[in-house]
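Read the structure below first, then the notes.
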Amino acid sequence: MKQLCKQMAGAIGILFILAACGNDNSNYPQEYVGFDKATKNYSFDREKDMEEFDVKIIAAEKKNEDREVLINGVGMPGQGTVFSIEDKKVIIPAKKKSANLRVKIFPKRIKGKAEFRIVCTPQDKEAKKTQITVHLAPK
């Protein structure tokens with residue numbers, strides 16, 4: 001009986017410790033708004049004229065108002081225009097933590113491997129710019 005009480009007390013102690021820990025398992029600062037990763041690899045089909053894919057933009061915390069971020073694409077020197085971003089402004093809706101950015105690439109313009117960067121500038125004063133590097137490679 002004494003052993004059972006010790007086991008129950010230990011289990012209750014562990015439950016209290018787990019309850020005391022917040023369930024926010026985010027590795028980002030509270031004010032973070034930007035890309036969920038620093039790099040993205042994308043394989044394309046050389047036979048297509050155009051392909052599209054999504055890049056995820058996240059916020060560490062939900063807010064009661066929409067959040068706006070400005071998007072800017074930066075190509076690498078000497079490789080020409082291999083991508084296009086239609087929306088220069090992305091809105092993360094109120095009470096949501098993410099939105100997607102549509103990126104178009106033009107496989108027939110890509111010679112071998114290519115890469116480009118996308119810069120995200122949050123309109124919140126506390127948040128900082130972030131960027132993602134997209135590496136393109138043929139299938």
Side-chain angles (χ1 to χ4, degrees):
M1 185 70 168
K2 191 174 181 181
Q3 184 67 20
L4 180 63
C5 287
K6 285 182 182 179
Q7 289 176 348
M8 292 300 287
I12 290 172
I14 290 173
L15 288 175
F16 280 129
I17 291 170
L18 291 175
C21 295
N23 61 357
D24 178 26
N25 46 358
S26 172
N27 294 330
Y28 302 103
Q30 192 172 15
E31 67 278 352
Y32 182 82
V33 177
F35 298 109
D36 65 336
K37 297 178 183 176
T39 61
K40 179 177 180 71
N41 295 320
Y42 183 77
S43 297
F44 60 89
D45 182 2
R46 283 194 185 276
E47 301 302 316
K48 294 186 179 178
D49 289 331
M50 190 228 6
E51 290 187 26
E52 291 184 343
F53 61 91
D54 288 335
V55 175
K56 193 171 195 173
I57 298 172
I58 63 166
E61 297 288 322
K62 292 181 183 179
K63 287 198 174 182
N64 291 328
E65 66 270 353
D66 290 348
R67 283 177 280 188
E68 184 177 298
V69 295
L70 300 178
I71 303 297
N72 185 27
V74 180
M76 293 297 136
Q79 78 179 13
T81 306
V82 298
F83 74 101
S84 135
I85 299 171
E86 299 298 315
D87 299 321
K88 300 294 182 187
K89 187 186 307 183
V90 175
I91 295 175
I92 300 174
K95 298 186 181 183
K96 298 285 183 184
K97 289 179 74 173
S98 67
N100 286 324
L101 168 67
R102 295 293 294 162
V103 178
K104 290 182 182 179
I105 63 163
F106 307 103
K108 291 195 175 184
R109 297 181 190 173
I110 301 171
K111 309 292 185 233
K113 294 182 178 181
E115 67 180 49
F116 60 91
R117 290 190 321 253
I118 304 171
V119 180
C120 173
T121 307
Q123 297 305 290
D124 294 346
K125 292 180 182 166
E126 309 88 42
K128 297 178 183 174
K129 285 184 182 182
T130 59
Q131 71 178 3
I132 185 171
T133 303
V134 180
H135 300 280
L136 302 172
K139 288 182 182 176

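- Note on Val134: it clusters hydrophobically with Ile105, by side-chain heavy-atom contacts below 4.5 Å among ILVMFWY residues.
- Around the CD atom of Glu65, the shell of radius 6.0 Å holds more than 12 heavy atoms that belong to other residues, nucleotides or ligands.
- Residues Asp49 and Lys108 are paired through a salt bridge, judged by an N-O separation under 4.0 Å between the basic side chain and the carboxylate.
- In this structure, Lys96 NZ and Asp66 CG are separated by 11.5 Å, a value rounded to the nearest 0.5 Å.
- Counting only residues at least two apart or in different chains, ring-ring contact (aromatic ring centres under 6.0 Å, His included) contacts with residues 34-59 comprise Tyr42-Phe53.
- Contact check for Lys40 versus Val55: side-chain heavy atoms found under the 4.5 Å cut-off.
- Ile92 contributes atom CD1, which lies 10.5 Å from atom CD of Glu68 (distance to the nearest 0.5 angstrom).
- For the pair Tyr28 (side chain) and Glu61 (backbone), a donor-acceptor distance under 3.5 Å is absent.
- Closest heavy-atom contact between Gly34 and Cys120: CA-SG, 4.1 Å.
- The distance from atom NZ of Lys128 to atom CD of Glu31, rounded to the nearest 0.5 Å, is 7.5 Å.
- Distance check: Asn41 CG to Glu115 CD gives 10.0 Å after rounding to the nearest 0.5 Å.
- Asn64 approaches Lys95 most closely through the heavy-atom pair OD1-CE, 3.5 Å.
- Ala60 approaches Pro29 most closely through the heavy-atom pair CB-O, 3.1 Å.
- Shown here are the salt bridge (Lys or Arg N to Asp or Glu O under 4.0 Å) partners of Glu86, two or more places apart in sequence or in another chain: Lys104.
- Within the model, atoms CD1 of Ile71 and OG1 of Thr121 stand 7.5 Å from one another, a figure rounded to the nearest 0.5 Å.
- In this structure, Val82 is a member of the same hydrophobic cluster as Ile132, with clusters built from ILVMFWY side-chain heavy atoms closer than 4.5 Å.
- Atom CD of Gln30 is surrounded by 12 or fewer heavy atoms from other residues, nucleotides or ligands within 6.0 Å.
- One hydrophobic cluster, built from ILVMFWY side chains closer than 4.5 Å, cannot hold both Ile118 and Ile58; they sit in different ones.
- Shortest non-hydrogen contact noted between Phe106 and Ser84 is CE1-CB, 3.8 Å.
- The main-chain N or O of Ala94 is never found under 3.5 Å from a side-chain atom of Lys63 such that the two would form a donor-acceptor pair.
- Distance alone, capped at 3.5 Å, places no donor-acceptor pair between the Arg109 side chain and the Phe83 backbone.
- Cluster membership for Leu136 and Val103, using ILVMFWY side-chain heavy atoms within less than 4.5 angstrom, is shared.
- Smallest separation of non-hydrogen atoms from Lys113 and Ala137: CG-CB, 4.4 Å.
- Only one option out of Val90, Val33, Ile91, Ile57 pairs with Arg67 in a side-chain contact (heavy atoms from CB on, under 4.5 Å); it is Val33.
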Output, in order, the C-alpha distance, side-chain angles, deciding distance and verdict of side chain to side chain contact (heavy atoms under 4.5 Å, CB included) for Lys89 and Val69.
CA-CA 6 Å; Lys89 187 186 307 183; Val69 295; over 6 Å; no
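- Within a 6.0 Å radius of NZ in Lys139, more than 12 heavy atoms belonging to other residues, nucleotides or ligands are found.
- Residues forming a salt bridge (Lys or Arg N to Asp or Glu O under 4.0 Å) with Lys129 (at least two apart in sequence, or on another chain): none.
- Here NZ of Lys62 is found 7.0 Å from NZ of Lys97. Values are rounded to the nearest 0.5 Å.
- Side-chain atoms of Glu51 come within 3.5 Å of backbone atoms of Asp45 as a donor-acceptor pair (strictly under, hydrogens ignored).
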